[in-house]
Every structure is written in C-alpha cells, then in structure tokens.
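Note sheet for the following structure.
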Amino acid sequence: MTAWLKKSILKKKEPDNQWIKCPDCAEILYKNLLIDNINVCTRCGHHFRLSPDGWLGYLVNRGTFKEINENIQSVDPLDFSDAKERYVDKLNRSMKKTGMKSAIITGVGKIGKQKACLGIMNFAFLGGSMGSVLGEKVARLFEHAIELSLPVILISASGGARMHEGIYSLLQMAKTSAAIRKHSEAGQLYISIMTDPTTGGVSASFSALGDIMIGEPGALIGFAGPRVIEQTIKQKLPPKFQTAEFLYDHGMLDMIVNRKELKSILIELLTFFG
Amino acid sequence: MTAWLKKSILKKKEPDNQWIKCPDCAEILYKNLLIDNINVCTRCGHHFRLSPDGWLGYLVNRGTFKEINENIQSVDPLDFSDAKERYVDKLNRSMKKTGMKSAIITGVGKIGKQKACLGIMNFAFLGGSMGSVLGEKVARLFEHAIELSLPVILISASGGARMHEGIYSLLQMAKTSAAIRKHSEAGQLYISIMTDPTTGGVSASFSALGDIMIGEPGALIGFAGPRVIEQTIKQKLPPKFQTAEFLYDHGMLDMIVNRKELKSILIELLTFFG
Amino acid sequence: MSVWEKIEELEKQIDKFKSLSVEEHIEVDEVIVILKEKINDLHKNLTSWDRTRMARHIDRPKFLDYVPKLFNYFQEIGGDRKFKNDNAIICGLASLDKRKVVVIGQEKGKDTSDKIYRNFGMSHPEGYWKTIRVMKLAEKFGLPLLLFVDTPGAYPGIGAEERGQLVAIAENLYELSGIRIPIIVTILGEGGSGGALALGVGDRLLMMENAIYSVISPEGCAAILWRDASKAEQAANALKISAFDLKEFGIIHEIIQEPGGGAHKDFNAAADKLKKSIKNSLNKLVKVPIDELLDQRYNMLRKFGVFKEK
Amino acid sequence: MSVWEKIEELEKQIDKFKSLSVEEHIEVDEVIVILKEKINDLHKNLTSWDRTRMARHIDRPKFLDYVPKLFNYFQEIGGDRKFKNDNAIICGLASLDKRKVVVIGQEKGKDTSDKIYRNFGMSHPEGYWKTIRVMKLAEKFGLPLLLFVDTPGAYPGIGAEERGQLVAIAENLYELSGIRIPIIVTILGEGGSGGALALGVGDRLLMMENAIYSVISPEGCAAILWRDASKAEQAANALKISAFDLKEFGIIHEIIQEPGGGAHKDFNAAADKLKKSIKNSLNKLVKVPIDELLDQRYNMLRKFGVFKEK
Ligand SMILES: [Zn+2]
Ligand SMILES: [Zn+2]
C-alpha cells in the first residue's frame with residue numbers, strides 16, 4: 001500500500017461530525033454524505049474538488065490500480081526561498097499535509113472492462129503546480145501507455161507553474177506535450193478531464209491536448225488567471241468567464257460531464273475507441 | 001496563335017481616342033496610357049481589372065507562354081434556359097465577345113528565370129463563373145504541374161458559380177480542391193492571386209488553397225456576395241468589408257501586393273521556393 | 001392540379017377511407033393499397049420544385065431525428081478548438097450496430113427556438129473547422145466517416161466573412177478529398193450550395209428520394225437569372241436538383257426510397273432504408289485498401305463535369 | 001553601488017574621455033580600452049535582475065531590427081487563415097546568405113504607436129495559430145525554421161481566453177516537438193512564460209547574453225510569493241533567469257555575447273555574432289537525418305527537469 005493510500009484510509013477515521021457549506025446553494029452538507037456523493041452537492045450539484053483517492057475510489061475497479069513512479073520527488077534546483085520560507089521546507093510541509101510526494105498520482109487501472117493509464121492531479125499539493133516531478137510523471141505515464149498500447153485518462157487540477165523551480169517548471173509544458181505527441185503518433189487515445197481549477201502551464205500543455213476534452217461543470221479553466229486579466233484590462237470580468245461552460249461554448253471542450261455520469265461516459269469512450 | 005491572342009491584338013488596333021474615368025479618384029485616364037500602366041490608375045493607384053492577355057504581357061517572358069487545354073469548351077448539360085435566353089446562346093455570345101472559349105487561360109510560361117504553370121481567369125467571360133470547363137482546366141493545370149514538377153500561379157477573378165450548369169458547377173469546387181491536394185502532396189508550390197472580384201465557389205475552393213495567398217489592393221474578396229449578406233442581416237455592410245485589406249487583417253491573406261510590384265514579388269517567391 | 005396537389009388530394013382520400021374503416025367497419029384496405037401505389041407513382045413525377053418543397057417540409061425528419069434510428073450509441077463531441085461550438089453542425093462518435101463510426105451532420109432544428117439555436121442549419125466557419133477537427137480524429141483512429149447534409153447553405157453574414165468562410169469551406173474540400181478513411185455522404189434534405197458541398201465529398205453519395213442538391217437556392221437563381229425571386233419554381237426545375245436528376249447525371253450512387261408523401265409519413269421505414277444502405281456501402285468500402293479507395297475518390301471527383309474538347 | 005550602476009558610471013567616463021579626445025586632442029584610447037574591458041568584466045557579474053533591465057532596455061534591438069542584419073531576403077507572410085493577422089508575431093520567408101529559411105519572431109515594437117500596434121509583443125491565440133500555419137508551410141518545403149523570442153508573455157485578456165489561448169499554446173508545443181525540419185530558437189530579449197515557450201521548442205537554443213527566460217515575470221512572481229510586486233529584484237534573482245543561469249542548467253546551448261553595455265551599444269557586432277552562431281548551428285543541423293534529429297529533440301525535451309527518485 002502506498003503512503004497516500006494509507007493516509008486516505010486514516011482520513012476516513014477522522015471524526016465524522018463535520019459539516020461543509022455549499023458555496024453555490026449555501027446548503028449545509030454532512031461531510032460523509034458529501035464524500036459518498038463523490039463530493040457533489042446533494043442539493044444543487046455543485047462540484048467540490050475531489051482528491052486522487054476519491055477519484056480512484058470512484059472511477060477505478062477496486063484493487064486494479066497499480067501506481068507507477070511513486071518515488072519521484074521534488075528537489076530544489078534553484079536553492080529557492082521566497083519571503084517566508086525555503087522551497088524545500090514548503091515541499092516538506094506539503095508532503096506531510098497531503099501524504100503525497102507530488103501533485104499527481106499516475107498508474108494503470110481498470111475502468112469497467114478497459115485497462116487505462118491514469119493520471120490524477122491533487123490540487124491540495126501546492127495548488128497542483130507543475131514542477132519537474134509533475135512533468136516527469138506525466139511524460140512517463142504517456143510513455144508507459146505507449147509501451148502497453150493503452151489509452152491515457154488524465155484528470156487535471158492546477159493553479160499553474162511551480163515558480164520555485166523556475167525555468168524547469170516552464171519547460172515541463174514542452175516535455176509533456178512532446179510525450180503526448182509520441183502517444184498520439186502511436187495511435188492511442190488520450191482523454192483529458194479538466195476540473196476546478198485548470199489554469200496556467202498545465203492548461204496550456206497536456207490538459208489542452210486530449211483527443212477528447214471533458215470539463216467538469218463550473219470548473220475554472222483558462223490560461224491566464226482571472227486576477228491577472230482584470231489587472232491587465234482594468235475592468236471586471238463577465239460572469240461565467242473561464243468556466244467550463246464558457247470554454248465549451250467557445251469550442252474548446254468536447255463536452256461537460258457531471259461527475260456522476262463521468263464514469264459511464266468514460267467506459268463508453270474507452271469501449272468505443274478500444 | 002490562339003484565338004484569344006489574335007483577338008487581343010485586334011483590340012489594340014481599336015481607335016485610341018478612348019478615355020476612362022477612375023472610380024476612385026475620378027481622374028479621366030487616357031486608355032492607352034492606362035494599358036501601359038497595367039491598368040493601374042496613374043493618379044491614385046486604383047487597380048482596374050486586367051485581361052488575361054494583359055496579365056500574360058505583364059508577367060510572362062515574351063514568347064515563353066504555351067497554352068494548354070485551349071480547346072475545352074462548355075456544353076449545356078441541363079438544357080438550361082433562363083427568362084431571357086438559352087445557356088448555349090449566352091455561351092456563344094460570350095465566346096464571340098471575348099474571343100475566348102472559357103473564363104480561364106491555362107498554360108506554362110517563364111517568369112524571370114523560373115518556369116511555372118499559370119492560370120489566369122477572365123472576368124469578362126460570363127463574370128468568371130465556374131462551370132465544368134473552368135474546373136476541368138484548373139484540375140488539369142495542377143495535374144500538368146505535378147507531371148512537370150512545377151509551381152502553379154493562379155490569378156482568380158470570379159463572381160461565383162456558373163448556375164446554368166447546375167450541380168456540375170458546384171462540384172468543380174471539390175474537383176479543383178482535390179487536384180490541389182495532389183499537387184501539394186507532390187511538394188509543389190501554389191501561389192493564389194485574388195483579384196477583383198473573387199467570390200462564391202471560386203473563392204471557397206482553389207483560390208483559398210494557396211501556399212501563399214496574395215490579394216490585389218481594393219479587390220472584393222469573399223464567399224457570400226455583399227448583397228446577399230445585406231439582405232440576410234438586413235443592415236448595411238461596414239466600409240472596406242470584404243476588401244483584400246479586410247481579408248488581410250483577418251488573417252486570410254499572406255500579403256497585399258500592388259500590381260506593379262507583383263512581378264518582382266512573384267520572381268522572388270518562385271526563386272525562394274524553387 | 002400540380003402533381004404535388006394531386007398527391008395531397010389522394011392522401012386526404014386515404015385518411016377518409018381509414019376513418020371509414022375504423023368508424024364504419026367498412027373493409028377498404030384494398031382501396032388504400034391502390035391509392036398508396038398511385039401516390040408512389042405520382043411521386044416519381046414530382047418536379048424539382050416539388051422536391052424542394054418536400055425537402056423543406058416542416059415535418060421532414062432532421063439529422064437529429066435520424067441519429068437514434070441509425071445508431072445504438074451516439075456521443076456528441078463539440079468544438080473547433082478555436083472560436084466557438086457551431087450548433088448548426090453536430091459531430092459525434094457512434095455505433096451503427098457493431099461498427100464504430102464518426103458522424104458529422106447538419107441540423108436545421110425543429111421548433112422556432114431550436115431553429116434559431118441551430119441557425120437554421122447554416123454554419124459559420126467554426127462549424128467547418130469543427131468538422132476538420134473531428135474528421136482528423138476519425139482518421140487517427142481509422143474510423144469511417146458518415147456525413148449528413150441538410151442546409152440551405154453556409155451562413156452569409158459579417159462574422160462568417162470575417163472569420164473566413166471561404167477558407168473554411170475550401171479547407172474542408174481539401175481535407176475530405178484526401179483523408180484516409182472511408183466516407184459516406186447522405187443528403188437528407190436540402191443540399192444547399194457550398195455550405196452543403198463542404199460536407200459533401202466522400203466515397204459514396206446517397207440521397208434521400210425527396211432531397212435536393214443544388215449549386216444555388218431556386219430563389220437565389222431566380223433572383224439573378226429571372227430577376228424575380230418568385231420565379232423559384234422555374235429556376236428549380238431548370239436547375240435539375242432532384243435525386244433522380246443527380247442519379248441520372250451519375251453524380252450520386254444511390255437514391256434512398258422514401259414512403260409515399262415523404263420521409264415524415266413513415267419515418268421508421270425511411271430511416272430503416274437509409275440504415276440498410278449505409279451499412280451496405282460501409283461493408284463494401286471498408287474492404288477496399290485505403291490507397292485504392294483514395295484513388296477511386298479522386299477519380300470520382302475528377303470526373304465531375306461535362307464539356308467538349310476540340 | 002550595484003553592478004548595473006557601476007557599468008553606467010564607467011560608460012559615462014568613456015563618453016567623457018571620448019569628448020576629451022575629440023575636443024582637446026588628448027590621446028586616451030588606451031584608457032577607453034581598459035574601461036571597456038572593465039565593463040565587460042562587470043557584465044559577467046550582472047544579476048538576473050540587472051539582466052531583466054537590460055532585456056527590457058528601451059534601446060534594445062528588437063526582432064525587426066535583426067531582420068535586415070541577418071537576412072539578405074525577407075518577405076513577410078501573414079495570417080492564421082482563421083481570425084486575424086496577429087501583429088505581435090511576424091512570419092517570413094528569408095535567406096540567410098544562401099540558405100533559405102522560414103522565420104517566426106515576436107516583435108514588441110519601437111515607439112509608442114508601434115508598440116500598441118504590436119501589442120507590446122504579447123500574442124493572442126491567432127498569433128500562435130499563425131505560427132502553426134507557417135511552420136507547416138516550412139515543413140512542406142523542408143525549410144529550416146528560425147524562431148525568435150521576445151515577449152513579456154501571451155496576452156492575458158478576454159478575447160485571448162475566448163479564443164483559447166491555452167489550446168493555441170499547447171498546439172504550438174505539440175507541433176514544434178515533432179515537426180520534421182530543423183529548428184533554431186533564439187531568445188533575443190524577454191522570454192516570458194508560456195507565451196515565449198510556445199516559440200521556444202527547437203533543436204538548438206541560443207540566448208543573447210542579456211536576454212532572460214523565465215516561467216513568470218519577476219513582478220508576477222514577487223506579487224505571488226512576496227505578496228509585493230516591488231520585490232521583483234529579489235524574485236528575479238531567486239528565479240535565476242539569466243543566460244548564464246540557463247547555460248549552467250544545461251537548458252540552452254549557446255550564449256551569444258553582447259557588446260559591453262548591451263546589444264544596442266554596438267548592434268552590428270551583436271547581430272554579426274548572432275548570425276554567425278545561427279549559421280554554425282544550421283550547418284550542423286541540416287546534416288543530421290531528420291529522424292535522428294527528432295529523436296535528439298525529443299530526448300532533449302525529455303531531459304528538462306530535476307528531481308530525485310526513491
Ligand atoms: Zn449546493
Ligand atoms: Zn484613380
């Protein structure tokens with residue numbers, strides 16, 4: 001059992017008497033019921049963020065997931081410190097907090113009757129920011145999928161680049177895009193699922209290169225962050241700007257899928273292309 | 001000497017005392033001087049339409065042009081008559097008037113030191129409308145260019161489809177596009193020059209498929225005719241709408257070239273890609 | 001009385017006999033059979049203008065009506081990845097019984113609000129860019145492509161011209177002429193001008209019996225050549241735009257027979273026939289080596305046209 | 001006194017000595033030579049922030065300045081064929097002495113109106129679609145591709161997001177990673193974020209001595225990590241964005257030396273050096289079989305990144 005799986009089981013043992021308020025409909029939701037409902041508000045359908053273990057539990061057939069490259073870890077190539085702390089300290093805090101070594105879990109599992117390579121990002125790990133490790137794990141995932149002649153499903157959630165790794169962070173966009181091209185040239189399917197939020201370098205590289213691109217309802221998806229845009233153009237952004245619905249209307253997504261229907265849609269797609 | 005060449009020489013013998021008013025600057029231009037200036041207003045630079053013989057005289061090295069497929073002629077596959085006359089009668093009138101058998105001249109010639117396949121449309125022949133003959137001659141031109149490993153330069157001027165040939169007219173769009181693809185797959189260069197006007201089926205097939213697309217200043221270029229659009233949207237069209245300049249701004253053209261500079265630009269392009 | 005009016009009259013008679021049969025228990029089945037045959041005979045004599053009216057009939061089944069009849073799986077996929085998801089063209093992954101295909105169809109819409117949503121089946125450039133995006137997806141996975149045509153034409157508007165309707169249509173023709181998958185085109189209703197042709201290039205061209213396919217709308221042709229848009233009937237007939245005309249010209253491969261009175265009179269029967277024809281064509285096309293198929297496609301496109309030489 | 005200020009002081013001294021030499025006929029050439037060497041030495045010690053100021057210097061040569069210095073033939077070609085001709089990216093056919101190449105460069109503009117026209121070198125999606133269109137033209141004719149980077153970043157605006165900045169940039173990365181022609185990237189000034197990277201994938205990466213290449217602008221990084229945009233200097237230095245940093249990281253292949261005080265102090269010398277380097281690289285790249293070149297390109301991209309395993 002990997003560290004994060006242990007951690008996720010531990011989490012389940014936390015006190016149950018926790019309540020969460022839905023930001024869309026203001027309903028007070030019982031946390032365990034929300035988890036049972038794959039973090040979708042039982043009243044209005046608001047999609048809360050879902051952790052990698054939540055995603056795996058929902059999508060992947062029990063006991064079929066084999067993680068790969070779980071031991072790749074970040075280093076601090078720039079010896080970077082910001083105003084408050086050193087990057088290495090920040091990393092250690094995040095690893096402790098999330099029980100994960102990076103912002104993504106990659107591996108192979110079964111969804112329905114189909115085997116697929118899976119990547120699931122974790123926004124809780126430094127905002128799902130892309131550094132060398134994320135880029136490397138994504139590239140290896142696609143290379144693994146080429147070797148095994150498998151499709152890739154990648155669930156994105158990212159605030160952008162891991163600035164602390166400087167230029168290395170930026171270059172992951174090129175690295176992952178190149179690996180996806182290899183996978184595509186091998187004739188394999190890639191389904192990209194964009195969850196809240198998918199912005200910055202992740203949005204403008206592997207997330208945007210799916211044969212099929214799926215957005216979650218209401219998810220923030222865009223290249224530039226909304227605040228940066230507001231500062232640049234010096235005006236308020238229109239409502240719904242950079243939501244999945246906005247992107248769909250503008251031709252960037254194949255479909256918007258409610259989380260509850262996502263599994264069956266994925267099974268159908270894997271079967272169709274399989 | 002082909003029929004149209006004879007005719008064009010005859011034309012030159014017409015009385016010289018003719019004057020033309022420039023629609024842009026209202027200057028009264030002496031016709032022979034205008035012809036010497038390749039039909040560009042000597043005062044404001046307005047580009048008048050240029051006949052195929054005018055184009056050949058300007059662009060192609062003297063004595064190097066060999067026409068091909070000059071004997072392809074229209075028939076009347078639908079036995080078509082409109083309110084006024086039969087299509088065959090209309091055709092005969094146009095042939096007499098222009099001394100040409102169709103709305104395009106195709107052949108091989110030298111421009112500077114480079115050999116090229118050339119197609120030059122004649123708006124005076126039934127508004128440069130595209131029927132079976134135009135489509136066939138364009139397709140054969142590209143096939144000829146594949147055989148000879150030559151680039152193609154095609155100068156368009158067309159009001160749209162030759163309705164009198166019904167569905168045959170429409171299908172020339174597909175036929176010519178397919179031939180261009182073969183030529184492109186053979187690695188050859190195609191330069192499309194759009195002159196006033198290039199609209200309808202011609203604009204949305206071979207004219208729009210150049211590796212390099214050049215527009216003449218002020219030329220009307222578009223798919224739908226301006227009147228059709230006005231009737232549909234029930235409002236006036238903005239100024240400069242569907243001009244070459246408008247198309248350039250919207251990313252459809254590589255460049256707008258003054259007729260006087262066109263020859264040297266073409267020689268440079270042929271040399272560059274040659 | 002025009003052929004069209006005769007048919008309508010006969011249809012009324014059939015309805016009368018049917019109610020007689022139900023209400024008065026008079027056995028008139030034989031009469032109804034004869035009347036239906038009569039209608040079928042008359043149908044063969046419908047003019048291009050009659051076909052135009054049929055092709056535009058308010059009850060005529062649209063692309064989205066055919067989808068559930070033809071396919072046991074259909075998943076719409078959207079987007080040109082550049083500007084907008086054009087709702088006048090619908091793309092999807094589909095299963096035709098056991099065969100996986102990619103489907104692109106023009107949709108005019110049903111009721112008023114749907115028609116507006118679909119822009120009456122008239123695409124902007126983004127619709128054609130979407131088809132290119134989706135046909136390349138089909139090519140990547142070696143899936144046959146089914147194209148369904150039903151449009152008055154590409155939309156003639158400011159935005160459409162700004163965004164290069166001419167390039168978008170030309171690129172569709174260019175791509176379809178060489179894409180390395182089998183393509184079947186079906187003209188369902190109105191095959192209007194370049195906007196239809198942009199989805200009209202394939203290895204096999206099917207046409208519903210009451211569909212039309214024309215270089216210009218009858219009204220447009222009448223306005224230009226008759227200088228009177230109300231002369232659309234003359235123009236339609238002069239243009240020879242019916243399925244029977246196009247079959248005679250050797251341009252389409254097959255006419256899909258419709259029930260008397262049009263596809264909407266017995267939509268199940270019409271859709272069944274179409275499905276059978278598509279399946280037959282598909283079964284043949286998938287057996288042809290792809291390079292041979294592309295040669296055939298090119299030769300077919302190359303032969304379009306009539307002219308004399310010398 | 002910062003290194004930057006020291007250099008400025010020395011430059012002033014040189015000017016003084018020069019005028020002495022002219023006006024008073026005092027022979028101080030030797031002094032000037034020594035001072036220039038001093039400046040060159042100091043240059044090596046410029047911080048990332050100093051380099052940022054150099055890269056953004058008002059007099060710094062822009063892409064269009066380099067064009068006539070590098071190429072004996074240059075013909076701009078425009079258009080994405082879809083939406084707009086983005087003036088922040090310029091594409092052209094060019095001859096580098098006798099070698100034909102295709103050139104794509106980011107242009108920030110010179111004076112105010114030109115800067116506005118060029119949108120300060122910040123592209124919209126149509127700029128990136130234009131580059132894809134043009135690089136495919138280069139690929140068709142087997143022409144090497146020269147990319148020139150100088151941008152604060154892709155434009156962050158409503159239209160840019162509406163038209164899919166994210167897809168446009170991603171598609172550029174995708175296409176460049178596999179396009180079957182040699183590519184040389186030169187970072188001329190500011191290599192800002194994804195907007196720069198979109199033109200930053202190639203077989204050989206050159207960087208002007210005073211150019212910078214960064215995942216985020218120093219100001220942006222300071223605003224986020226220092227919660228204070230005025231801490232840009234700290235951020236720049238922490239981000240390590242100078243050519244010397246990137247050379248040390250093994251990310252760029254070559255630093256193009258600039259004259260003391262920056263490329264604008266002796267632009268001919270700077271352009272000459274760049275031309276020589278591009279020609280050298282090109283001569284090597286065109287000899288590599290294309291499949292091998294693509295393998296090398298992939299391996300280079302694949303190796304970007306530092307991490308530990310286990
Ligand atoms: Zn709620
Ligand atoms: Zn004038």
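Residue numbering restarts at 1 for every chain, and letters A, B, ... go by the order of the sequence lines.
- Rounding to the nearest 0.5 angstrom, the gap separating the CD1 atom in Ile167(B) from the CG atom in Leu239(C) is 9.5 Å.
- Residue Glu185(B): no heavy atom, backbone or side chain, is found under 4.5 Å from chain C.
- The two atoms that bring Ala174(B) and Leu197(C) nearest to each other are N-CD2, 3.9 Å, heavy atoms only.
- Annotation: maximal heavy-atom pairing with chain C below 4.5 Å, among Lys84(B), Met213(B), Glu165(B), His164(B), occurs at His164(B).
- Here the side chains of Ile72(B) and Lys308(C) are not in contact, with every heavy-atom distance at 4.5 Å or above.
- Only the backbone of Ser81(B) comes within contact range of chain C, with at least one heavy atom under 4.5 Å from a heavy atom of that chain.
- In this structure, chain C has heavy atoms under 4.5 Å from both the backbone and the side chain of Ser203(B).
- Only the backbone of Arg163(C) comes within less than 4.5 Å of a heavy atom of chain B; no side-chain atom from C-beta onward does.
- Chain B forms more heavy-atom pairs under 4.5 Å with one residue of Gly178(C), Gly164(C), Gly220(C), Ala198(C) than with any other, namely Gly178(C).
- Ranked by non-hydrogen atom pairs under 4.5 Å with chain C, the options Asp82(B), Asp76(B), Asp249(B), Leu237(B) are led by Asp82(B).
- In this structure, the side chains of Arg181(B) and Glu175(C) come closer than 4.5 Å at one or more pairs of heavy atoms.
- Nearest heavy atom pair, residue Phe80(B) against residue Ala238(C), reads CD1-O, 3.3 Å.
- Between Phe223(B) and Val167(C) there is no side-chain heavy-atom pair separated by less than 4.5 Å.
- Both the backbone and the side chain of Tyr213(C) come within contact range of chain B, each with at least one heavy atom under 4.5 Å from a heavy atom of that chain.
- You'll find the side chain of Glu136(B) reaches within 4.5 Å of the side chain of Arg302(C), heavy atoms only.
- Taking 4.5 Å as the limit, every side-chain heavy atom of Leu225(C) sits out of range of all side-chain heavy atoms of Tyr87(B).
- Residues Tyr155(C) and Ile233(B) meet the side-chain proximity criterion, which asks for heavy atoms closer than 4.5 Å.
- Pairing each heavy atom of Val215(C) with each of Ser169(B), the nearest pair is CG2-OG, 3.8 Å.
- Counting non-hydrogen atoms of other residues, nucleotides and ligands closer than 6.0 Å to NZ of Lys247(C) gives a total of 12 or fewer.
- For Lys90(B), the part sitting under 4.5 Å from any heavy atom of chain C is the side chain, from C-beta outward, and nothing else.
- When all heavy atoms of Ala178(B) and Leu301(C) are compared, the pair lying nearest together is CB-CD1, 3.7 Å.
- Neither the backbone nor the side chain of Gln234(C) comes within contact range of chain B; no heavy atoms are under 4.5 Å apart.
- In this structure, Leu170(B) CG and Ile241(C) CD1 are separated by 12.0 Å, a value rounded to the nearest 0.5 Å.
- Contact of the Leu78(B) side chain with the Phe249(C) side chain is registered, since non-hydrogen atoms from C-beta on lie closer than 4.5 Å.
- Taking CD1 from Ile158(C) and CD from Gln242(B), the interatomic distance works out to 9.0 Å, rounded to the nearest 0.5 Å.
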Carefully, step by step, assess Tyr168(B) and Phe304(C) under the rule ring-ring contact (aromatic ring centres under 6.0 Å, His included). CA-CA 6 Å; Tyr168(B) 291 114; Phe304(C) 287 148; 8.3 Å; no

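- Ser205(B) approaches Ala170(C) most closely through the heavy-atom pair O-CB, 3.5 Å.
- Remark: side-chain polar atoms of Gln73(B) are not paired, donor with acceptor, to backbone N or O of Phe307(C) under 3.5 angstrom.
- With rounding to the nearest 0.5 Å, the separation of CZ in Phe246(B) from CD in Glu162(C) is 4.5 Å.
- Under the 4.0 Å criterion applied to side-chain N and carboxylate O atoms, Arg140(B) and Glu309(C) are assigned as salt-bridge partners.
- Rounding to the nearest 0.5 Å places CE of Met122(C) at 7.0 Å from OG1 of Thr232(B).
- For Met130(B), no part lies under 4.5 angstrom from a heavy atom of chain C.
- Residue Gln235(B) touches chain C through its side chain alone, counting heavy-atom pairs closer than 4.5 Å.
- Rounded to the nearest 0.5 angstrom, Ser177(B) OG and Tyr174(C) OH are separated by 9.5 Å.
- Contact of the Leu166(C) side chain with the Met194(B) side chain is registered, since non-hydrogen atoms from C-beta on lie closer than 4.5 Å.
- When Gly200(B), Pro226(B), Gly160(B), Ala179(B) are compared by the number of non-hydrogen pairs under 4.5 Å with chain C, Ala179(B) comes out ahead.
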